[in-house]
Amino acid sequence: MKAFDFQRASDAQAAVALVAERPGAAFLGGGTNLVDHMKLGVAAPELLVDVTRLPFDFVEERDGGLRIGATMRNSDLAAHPLVRERYPVLAQALVAGASGQLRNLATTGGNLLQRTRCVYFQDRTTPCNKRTPGSGCSAIGGYSRELAVLGVSDHCIATHPSDMAVAMMALDAVVRVQGPQGSRGIPLHDFYRLPGDAPERDTTLAQGELITAVDLPPAAGRSVYRKVRDRASYAFALVSVAAVLRLDGDTIDDVRIALGGVAHKPWRASVAEARLRGAPATEEAFHAAAEAELEAATPTEDNAFKVPLALRTTVAVLRDLSGRR
């Protein structure tokens, strides 16, 4: 690990100013992702600005929904009564992520900013466009079992590791940020980037922009999160599904679906949603919608199994939410 400067921010404006004026600076929250990458030599910030003592450790009702502070710990957020009651998909996703010890440290803002997952990104002896732009992608033609099947490019096929972000994508979350140019809200769908020809950029944040909170709109139906992984504890998703469903009798009034483990960002299944709204809540409709969403998949030989796995998991989640057995 390289030497770095350290400062503890007195307020959000001071934190933003410190990071904005130094391109090699980064915010430090729980550190469960950043510190690991610093130890591996993947990340080498010149300055760490500690934001853990800023007054963003809260959950409050706002406009019928919730505002979640950026320094809220994952374990506390998962156990919060309002989250458990109104947004079970989020509570379930948080509990499914990492270990209890990590959830006690990880923050809401930090969880959203996890770097995309790939063994080659963490191995400095191999070419990686995400780590060193223009060096090549070792995963293409290499080991790719856990990697992306949707939204990939010729430059990167890494996957986003967060469970929480998948649930928030299905909930239409909005990320509140403060930066050198002031404050703004970014819909989560626009917060993340697909790799394209610049896979080193995971988000649309500018240098110095600090996540201060996440807004959730009012709950819009029954919700659930399901994660499929190699083992029951402390494993990243091979495929995960977060879904919110509201029925009008036997007809689907509204549906929101996000997939994890399949793309460079939490994947909003907009094609499937469009086919399902106004359709009958039947197994056949669920299957046809999921199949349409996954037509765009471009898997490798190693991860082709993710396509039928994502289809079956999506159908099972929607079937359970609709009460169809």
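Sequence positions, counted from 1, serve as the residue numbers for this chain. The model shown is predicted, which means the values in this text are computed figures rather than measured ones.
- Heavy-atom neighbours of Asp123 CG from other residues, nucleotides or ligands within 6.0 Å: above the threshold of 12.
- Side-chain N/O atoms of Asn303 and Thr300 include a donor and acceptor closer than 3.5 Å.
- The CG atom of Asp215 lies 10.0 Å from the CE atom of Met168; values are rounded to the nearest 0.5 Å.
- Using modelled atom types, no side-chain atom of Gln122 and backbone atom of Val42 make a donor-acceptor pair closer than 3.5 Å.
- Formation of a donor-acceptor pair under 3.5 Å by the Gln207 side chain with backbone atoms of Val19 is found in this model.
- Results of the side chain to side chain contact (heavy atoms under 4.5 Å, CB included) test with Thr32 over Asn104, Leu105, Asn74 single out Leu105 as the only residue that passes.
- A distance of 5.0 Å separates CG in Leu259 from OG1 in Thr314, rounded to the nearest 0.5 Å.
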Full working for side-chain hydrogen bond (donor to acceptor under 3.5 Å, both in side chains) between Ser240 and Tyr225: CA-CA 7 Å; Ser240 65; Tyr225 181 77; 3.1 Å; yes
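- Residues Pro195 and His155 fail the side-chain proximity criterion, which asks for heavy atoms closer than 4.5 Å.
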Please assess Glu60 against Leu82 for the test side chain to side chain contact (heavy atoms under 4.5 Å, CB included), listing each intermediate value before the final yes or no. CA-CA 9 Å; Glu60 61 185 30; Leu82 290 177; over 6 Å; no
Are Phe305 and Arg145 close enough, and set up right, to give a side chain to side chain contact (heavy atoms under 4.5 Å, CB included), and what steps lead you there? CA-CA 9 Å; Phe305 73 94; Arg145 180 177 179 270; 3.7 Å; yes
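- In this structure, Ser153 and Gly196 approach most closely via the heavy-atom pair OG-O, 2.7 Å.
- Linking Ile, Leu, Val, Met, Phe, Trp and Tyr whenever their side-chain heavy atoms come within less than 4.5 Å puts Leu66 and Ile211 in one cluster.
- Contact check for Arg67 versus Phe58: side-chain heavy atoms found under the 4.5 Å cut-off.
- In this structure, the side chain of Ser223 does not engage the main chain of Tyr87 through any donor-acceptor pair within 3.5 Å.
- With rounding to the nearest 0.5 Å, the separation of CG in Leu112 from CG in Leu205 is 9.5 Å.
- Closest approach of Asn129 and Ser135 over heavy atoms only: OD1-N, 3.1 Å.
- In summary, Asp163 and Arg229 do not engage in a salt bridge, as defined by a charged side-chain N under 4.0 Å from a carboxylate O.
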How far apart are the C-alpha atoms of Leu48 and Leu34, what are their side-chain angles, what is the distance that settles it, and do they pass the side chain to side chain contact (heavy atoms under 4.5 Å, CB included) test? CA-CA 10 Å; Leu48 287 183; Leu34 175 59; 3.7 Å; yes
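- Asp248 places no side-chain N or O within 3.5 Å of a backbone atom of Thr251 that could act as its donor or acceptor partner.
- Judged by distance alone, the side chain of Arg222 and the main-chain N or O of Leu321 form a donor-acceptor pair under 3.5 Å.
- Contact record, Leu28 with Thr52: O-CG2, 3.9 Å, taken as the closest heavy-atom pair.
- Hydrophobic clustering keeps Phe56 apart from Val214 (ILVMFWY residues linked when any side-chain heavy atoms are closer than 4.5 Å, directly or through intermediates).
- Atom-to-atom distance recorded for Asp253:CG and Leu247:CG is 8.5 Å, nearest 0.5 angstrom.
- Between the Ser138 side chain and the Pro127 main chain, a donor and an acceptor come within less than 3.5 Å of each other.
- Across all non-hydrogen atoms, the minimal contact from Thr203 to Arg193 is O-CD, 3.5 Å.
- One finds a salt bridge joining Arg268 and Asp172 here, because a Lys/Arg side-chain nitrogen approaches an Asp/Glu carboxylate oxygen to under 4.0 Å.
- Under a hydrophobic-cluster definition in which Ile, Leu, Val, Met, Phe, Trp and Tyr are linked whenever side-chain heavy atoms come within less than 4.5 Å, directly or via other members, Leu294 and Val271 are assigned to different clusters.
- Within a 6.0 Å sphere centred on CZ of Arg277, other residues, nucleotides and ligands contribute more than 12 heavy atoms.
- Between Thr204 and Asp190, the closest side-chain pair of non-hydrogen atoms is not below 4.5 Å.
- Side chain of Arg176 to main chain of Ser183: no donor-acceptor pair is present (N/O by atom type, distance under 3.5 Å, no hydrogens or angles).
- Atom-to-atom distance recorded for Arg103:CZ and Asn111:CG is 11.0 Å, nearest 0.5 angstrom.
- For the pair Asp202 and Lys130, the salt-bridge criterion is met [side-chain N within less than 4.0 Å of a carboxylate O].
- For the pair Phe191 and Lys265, the minimum side-chain heavy-atom distance is 4.5 Å or more.
- Hydrophobic clustering places Val315 together with Val239 (ILVMFWY residues linked when any side-chain heavy atoms are closer than 4.5 Å, directly or through intermediates).
- Under the 3.5 Å distance criterion, the side-chain polar atoms of Arg231 are matched with a main-chain donor or acceptor of Ser233.
- Across all their heavy atoms, Leu147 and Lys306 have their closest contact at O-NZ, 3.0 Å.
- One distance of note links CD1 of Ile252 with CZ of Arg246; it measures 12.0 Å at 0.5 Å rounding.
- In summary, of the residues considered (Val59, Val175, Ile68), a side chain to side chain contact (heavy atoms under 4.5 Å, CB included) with Thr108 occurs for Ile68 alone.
- A single hydrophobic cluster is seen to contain both Leu77 and Leu171, as judged by linkage of ILVMFWY side chains at heavy-atom distances under 4.5 Å, directly or through other members.
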Given the rule in the salt bridge (charged side-chain N to carboxylate O under 4.0 Å, His left out) test, do Glu209 and Arg184 qualify, once you have shown the distances and angles that lead to the verdict? CA-CA 10 Å; Glu209 285 193 309; Arg184 64 178 177 139; 2.7 Å; yes
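- A salt bridge is defined here as a Lys NZ or Arg NE, NH1 or NH2 lying under 4.0 Å from an Asp or Glu carboxylate O, and Glu146 with Arg117 fails to meet this definition.
- Annotation: Glu21, atom CD; neighbour count of heavy atoms from other residues, nucleotides and ligands within 6.0 Å is above 12.
- Closest heavy-atom contact between Ile157 and Ser144: CD1-CB, 4.0 Å.
- With hydrogens and angles disregarded, a donor-acceptor distance shorter than 3.5 Å links the side chain of Lys227 to the backbone of Ala235.
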For Ile257 and Leu318: C-alpha separation, side-chain torsions, deciding distance, then whether side chain to side chain contact (heavy atoms under 4.5 Å, CB included) applies. CA-CA 9 Å; Ile257 306 167; Leu318 294 172; 4.1 Å; yes
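- With sequence neighbours excluded, the residues forming a side chain to side chain contact (heavy atoms under 4.5 Å, CB included) with Arg8 are Phe6, Asp50, Arg53, listed by chain and number.
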